[in-house]
Q: 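Let me give you the structure first, and then I'll get to my questions.
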Amino acid sequence: MAEWIHTVTARTPTNIAVIKYWGKRDESLILPVNDSISVTLDPQHLCTTTTVAVSPSFDQDRMWLNGKEISLSGGRYQNCLREIRARGEDFENKEKGIKIAKQDWQKLRVHVASYNNFPTAAGLASSAAGLACLVFALAKLMNAKEDASQLSAIARQGSGSACRSLYGGFVKWIMGKEVNGSDSLAVQLADENHWDDLVIIIAVVSSRQKETSSTTGMRDTVETSILLQHRAREVVPKRIVKMEEAIRNRNFSLFAQLACADSNQFHAVCLDTCPPIFYMNDTSHRIISCIEKWNRFEESPQVAYTFDAGPNAVLIARNRKTAALLLQRLLYFFPPSADTDMGSYVLGDKSILKDAGVEGINDVQALPPPPEIKDNVPAQRNGGEVSYFICTRPGRGPLLLSDESLALLDHSTGLPK
């Protein structure tokens, strides 16, 4: 009989911080200089799917990301593997003739296949979803008994923001005080149903890899930015308290004000770094200007914007009706080229297109200028600047997939399908 292969497949969402994490106080343990808060995005639209497999026939740990084999020797992957292997428990599946004793996990090699349904390293938190998924799937594979919060402290050692992807809804990463990082973990502030009016539209301005990786950028900022020290000590602690209150009370005005201010300060800190880091580009700035004008015109915030370490805009609308008006404005200012199929320009929850009264390119060309544009100023339409939009909403945490057809590794060879 061929040797057995034991596999597990999981799906984990990405998350977008509304109070930003930027800067580590400990590089190797990935301990942050401040608390952060994020919203988990619906995994139907943005997620990582990971299959992990273990077998006595595997002679080394191997990993494939989006179909390409990558090295698992990096410290971050090794941290996660080491921590979960140490927590593995006895496992038995009589039907398949699998019996693994607790101490065997150290000897058994793993195969990992991971797939992101969105661009990797383009400022959409792909490493967060990826490492959270790796830790969650390995923990299930090795029968570890840790809860989501304890697993988050392990995922954190792979990628800081990964710890926030182990929960759905609104999540806080507590920076912690302990030198060993044992109290630096994620907790859920509210689940995805708590504030289900919210609709999120992401403008993917560039799906290219960024010039300055987050790891390098943070290190430079911590070493050179005086503004970061002020932010971590004075600004963020007060904002965290207010943001928790805004989420608890579903107070959109306060939520938007804090999210926009914190995003702008994060990018100001990047500019205050030596050498300066530019994550946003002209299109990012035009999107901010469009939202700010509209919010001021309405005399109360309709939409919050936040940008991670990249030029892509994450726009959070207060409800579905506002989201349709937002999409009209985005399509007016950033129309697709004339030969674009709307189905590939607006991804995710496409029903918002219908709410916006847009079915095809002709409807986009017929959109009137938004009322907040002054009559005497001709509005500039910037075709070709946005690659596509993703419509989504707050979503659930990690999920185990029992359907074997969704596995990324072949259960008879342990290699990618």
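Computation of the quantities below employed the complete heavy-atom set of this structure, encompassing side-chain atoms and omitting hydrogens, waters and symmetry-equivalent molecules. Numbers for residues simply follow the sequence, beginning at 1.
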Q: Salt bridge or not between Asp308 and Lys20? Use side-chain N to carboxylate O under 4.0 Å.
A: yes
Q: Take Met142 and Arg87, measure what side chain to side chain contact (heavy atoms under 4.5 Å, CB included) needs, and give me the verdict at the end.
A: CA-CA 8 Å; Met142 298 185 183; Arg87 289 166 173 77; over 6 Å; no
Q: Are Glu223 and Arg219 close enough for a salt bridge, meaning some N to O gap below 4.0 Å?
A: no
Q: Kindly determine whether Asp35 and Ile19 satisfy side chain to side chain contact (heavy atoms under 4.5 Å, CB included), including the steps that lead there.
A: CA-CA 8 Å; Asp35 292 350; Ile19 300 290; over 6 Å; no
Q: Could you verify whether a donor N or O on one side chain and an acceptor N or O on the other, from His45 and Arg393, lie under 3.5 Å apart?
A: no
Q: Using 30° and 60° as the class boundaries, would you call the ring planes of Phe170 and His194 parallel, tilted or perpendicular?
A: perpendicular
Q: Any donor-acceptor pair under 3.5 Å linking the side-chain atoms of Trp22 with those of Ser214?
A: no
Q: Would Arg329 count as a cation-pi partner of Trp294, with NZ or CZ less than 6.0 Å from the six-membered ring centre and within 45° of the ring normal?
A: yes
Q: Decide yes or no for Ile361 and Asp339: does some side-chain heavy atom of the first lie under 4.5 Å from some side-chain heavy atom of the second?
A: no
Q: Is the number of heavy atoms from other residues, nucleotides or ligands within 6.0 Å of NZ (Lys24) greater than 12?
A: yes
Q: Are there over 12 heavy-atom neighbours, none belonging to Glu27, within less than 6.0 Å of that residue's CD?
A: yes
Q: Which of these, Thr50, Leu400, Thr48, sits in a side-chain contact (heavy atoms from CB on, under 4.5 Å) with Phe136?
A: Leu400
Q: If I take atom CG from residue Asp272 and atom NE2 from residue His230, how far apart are they, to the nearest 0.5 angstrom?
A: 11.0 Å
Q: Using side chain to side chain contact (heavy atoms under 4.5 Å, CB included), reason through Ile316 and Val18 one step at a time and then give a plain yes or no.
A: CA-CA 10 Å; Ile316 305 172; Val18 288; 4.1 Å; yes
Q: Give a yes or no on whether Lys417 atom NZ has more than 12 heavy-atom contacts from other residues, nucleotides or ligands under 6.0 Å away.
A: yes
Q: Is atom NZ of Lys102 surrounded by more than 12 heavy atoms (other residues, nucleotides or ligands) closer than 6.0 Å?
A: no
Q: Using distance alone, with no hydrogens and no angle criterion, decide if Asp147 and Ser149 have a side-chain donor and acceptor under 3.5 Å apart.
A: no
Q: Carefully, step by step, assess Ser28 and Asp26 under the rule side chain to side chain donor-acceptor pair (under 3.5 Å).
A: CA-CA 6 Å; Ser28 63; Asp26 184 307; 3.1 Å; yes
Q: Got a salt bridge between Asp262 and Arg231, using NZ or NE/NH1/NH2 to carboxylate O under 4.0 Å?
A: yes
